[in-house]
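Following: one structure in structure tokens, then a few remarks.
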Amino acid sequence: MRITDTPADWPADEAAARALQDELRGRVDPDDSGPPPGTGHVTGLDVAYDDERDLVAAAAVVLDAGTLEVVEEATAVGRVAFPYVPGLLAFREIPTVLGALESLAAEPGLLVCDGYGRAHPRRFGLASHLGVLTGLPSIGVAKNPFTFTYEQPGPQRGDFSPLVADDAEGREMVGRALRTRDGVKPVFVSAGHRVGLETACAHTLLLSPRYRIPETTRRADALCRAALKEALTRT
DNA sequence: GCGACAG
DNA sequence: ATCTTGTCGC
């Protein structure tokens, strides 16, 4: 098994990581040049950790956006490149996630990340970061509200309410709490690169026909866990 | 200083 | 994220 290595110029500490986010945030494209929902490919990304052995397993699962059938799967294993610090999650996941993405033969199309994009302390979360580094359209679909506030959206699938940030960047609407299943806790959607919030929500609903979490993330979650187990067996 | 905090 | 079985409900 080959271990994806951390880039030599990876931020060494929190200050350097925050500075890099401030530098890269200007490269995010807020326009809607990404694919129309339901067309082309959508790629789910996720990672699993074993802090004991210092390992990270990442998975990239490409689905046909129209049928949600799996087109291709890829995994990569790496060393933990950064500790978990709220707001700096991307530095922990990106090296290995890029390793998985690079080994795909298919076009990734839209990147669906397990976390946030624009909804972030410096407006540059994991989805924004991955979008800028790859040039691919991306969105973030998180399972928790992080530090943001929101009113409970209506009870039906498709109902949503604004996700509001009130921090150093000011008070602003950075995403949506979106109900993907009737009567079930909403997911938290934010724009990444080349995809607007409205479009990001449309993608999310099409990717979640049955469960709260998008098929892309569900598939990637199962795959990276399996890849981690496999890596532990061989390590 | 304390608490909260994507995964 | 991760440690972890059964169980209540649709």
Side-chain angles (χ1 to χ4, degrees), chain A residues 11 14 17-18 21 25 28 44-61 75-98 100 111-132 138-150 155-157 163-169 174-193 197 200 204 209-214 216-229 231-232:
Chain A
E14 297 183 21
R18 292 195 184 90
Q21 290 181 326
R25 62 189 285 188
V28 173
L45 305 169
D46 196 15
V47 304
Y49 302 97
D50 186 296
D51 288 305
E52 295 292 295
R53 305 207 182 220
D54 191 40
L55 287 179
V56 190
V61 180
T75 61
V77 175
R79 298 295 177 190
V80 175
F82 211 85
Y84 172 66
V85 178
L88 300 179
L89 175 67
F91 295 95
R92 191 168 163 75
E93 313 205 331
I94 283 183
T96 313
V97 166
L98 286 181
L111 263 29
V112 181
C113 306
D114 187 17
Y116 282 109
R118 174 161 223 302
H120 177 272
R122 283 166 296 285
R123 308 295 182 265
F124 193 71
L126 174 65
S128 317
H129 203 144
L130 275 169
V132 165
S138 64
I139 66 173
V141 181
K143 299 183 286 295
N144 297 293
F146 197 14
T147 60
F148 312 111
T149 57
Y150 68 101
Q156 300 189 305
R157 165 180 159 83
L163 187 64
V164 178
D166 191 356
D167 51 30
E169 301 297 323
V174 293
R176 282 180 185 170
L178 175 67
R179 194 86 69 185
T180 52
R181 286 200 67 183
D182 291 357
V184 173
K185 171 180 176 172
V187 292
F188 304 90
V189 182
S190 57
H193 191 235
L197 180 57
T204 302
R210 182 168 166 77
Y211 300 104
R212 177 171 87 112
I213 303 301
T216 35
T217 300
R218 287 167 44 78
R219 294 308 242 283
D221 178 71
L223 184 58
C224 69
R225 289 187 199 227
L228 180 61
K229 276 190 180 178
L232 292 176

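Basis for what follows: all heavy atoms, side chains included, without hydrogens, waters or symmetry-related copies. Each chain gets a letter, A, B and so on, in the order its sequence line appears, and its residues count up from 1.
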Just call it for [X]: base, sugar-phosphate, or nothing, with non-hydrogen atoms closer than 4.0 Å on any strand.
X	answer
A:Leu88	base
A:Ala119	nothing
A:Gly87	base
A:Tyr49	sugar-phosphate
A:Asp51	nothing
A:Arg181	nothing

Donor-acceptor contact below 3.5 Å, side chain [X] vs main chain [Y]:
X	Y	value
A:Arg212	A:Pro186	yes
A:Ser138	A:Leu111	no
A:Arg157	A:Thr180	yes

Dot-bracket for DNA chain B, 5' to 3', Watson-Crick and G-U pairs with both distances under 3.5 Å, [ ] for crossing pairs, | for partner on another strand, reads .......
Which of parallel (below 30°), tilted (30 to 60°) and perpendicular (above 60°) describes A:Tyr116 and A:Phe148?
->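 A:Tyr116 and A:Phe148: perpendicular rings.
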[atom1]/[X] to [atom2]/[Y] distance, rounded to the nearest 0.5 angstrom?
X	Y	atom1	atom2	result
A:Gln21	A:His120	CD	NE2	4.0 Å
A:Asp114	A:Asp221	CG	CG	7.0 Å
A:Glu169	A:Arg25	CD	CZ	4.0 Å
A:Thr147	A:Leu163	OG1	CG	8.5 Å
A:Ser190	A:Leu197	OG	CG	8.0 Å
A:Arg118	A:His193	CZ	NE2	13.5 Å

To the nearest angstrom, how far is [X] atom [atom1] from [N] atom [atom2]?
X	N	atom1	atom2	answer
A:Asp221	C:dA1	CG	P	7 Å
A:Leu89	C:dA1	CG	P	11 Å
A:Ile94	C:dA1	CD1	P	18 Å
A:Lys229	C:dT2	NZ	C1'	13 Å

Segment of DNA chain B, first to last nucleotide, that comes within the 4.0 Å heavy-atom reach of chain A |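 Boundary nucleotides touching chain A, in 5' to 3' order, are B:dC5 to B:dG7.
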Would you list the atom pairs, donor with acceptor, under 3.5 Å between side chains in residues 81-98 of chain A and any protein atom, with sequence neighbours excluded?
{"unit_1": "A:Arg92", "atom_1": "NH1", "unit_2": "A:Phe82", "atom_2": "O", "d": "3.0"}
{"unit_1": "A:Arg92", "atom_1": "NH2", "unit_2": "A:Asp51", "atom_2": "OD1", "d": "3.2"}
{"unit_1": "A:Glu93", "atom_1": "OE2", "unit_2": "A:Tyr49", "atom_2": "OH", "d": "2.8"}

Before accepting this row, confirm whether a basic side-chain N of the pair A:Asp46/A:Arg219 lies closer than 4.0 Å to the acidic partner's carboxylate O.
->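 Not counted as a salt bridge, because no side-chain N and carboxylate O are separated by less than 4.0 Å.
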Using Watson-Crick and G-U wobble pairs whose two distances are both under 3.5 Å, how do you write the pairing of DNA chain C as dot-bracket, with | for links to another strand?
-> ..........
Under the salt bridge (Lys or Arg N to Asp or Glu O under 4.0 Å) rule, what pairs show up with a residue in residues 175-188 of chain A, not counting sequence neighbours?
->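 Qualifying pairs, neighbours excluded: A:Arg176-A:Glu198.
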Evaluate the salt bridge (charged side-chain N to carboxylate O under 4.0 Å, His left out) criterion for residues A:Lys229 and A:Asp50: first the C-alpha distance (whole Å), next the side-chain angles of each, then the deciding distance (0.1 Å), finally the verdict.
-> CA-CA 9 Å; A:Lys229 276 190 180 178; A:Asp50 186 296; over 6 Å; no
For nucleotides 3-10 of chain C, read 5' to 3', which letter fits each nucleotide if B means a protein heavy atom sits under 4.0 Å from the base, S means only the sugar-phosphate is that close, and - means neither?
-> --------
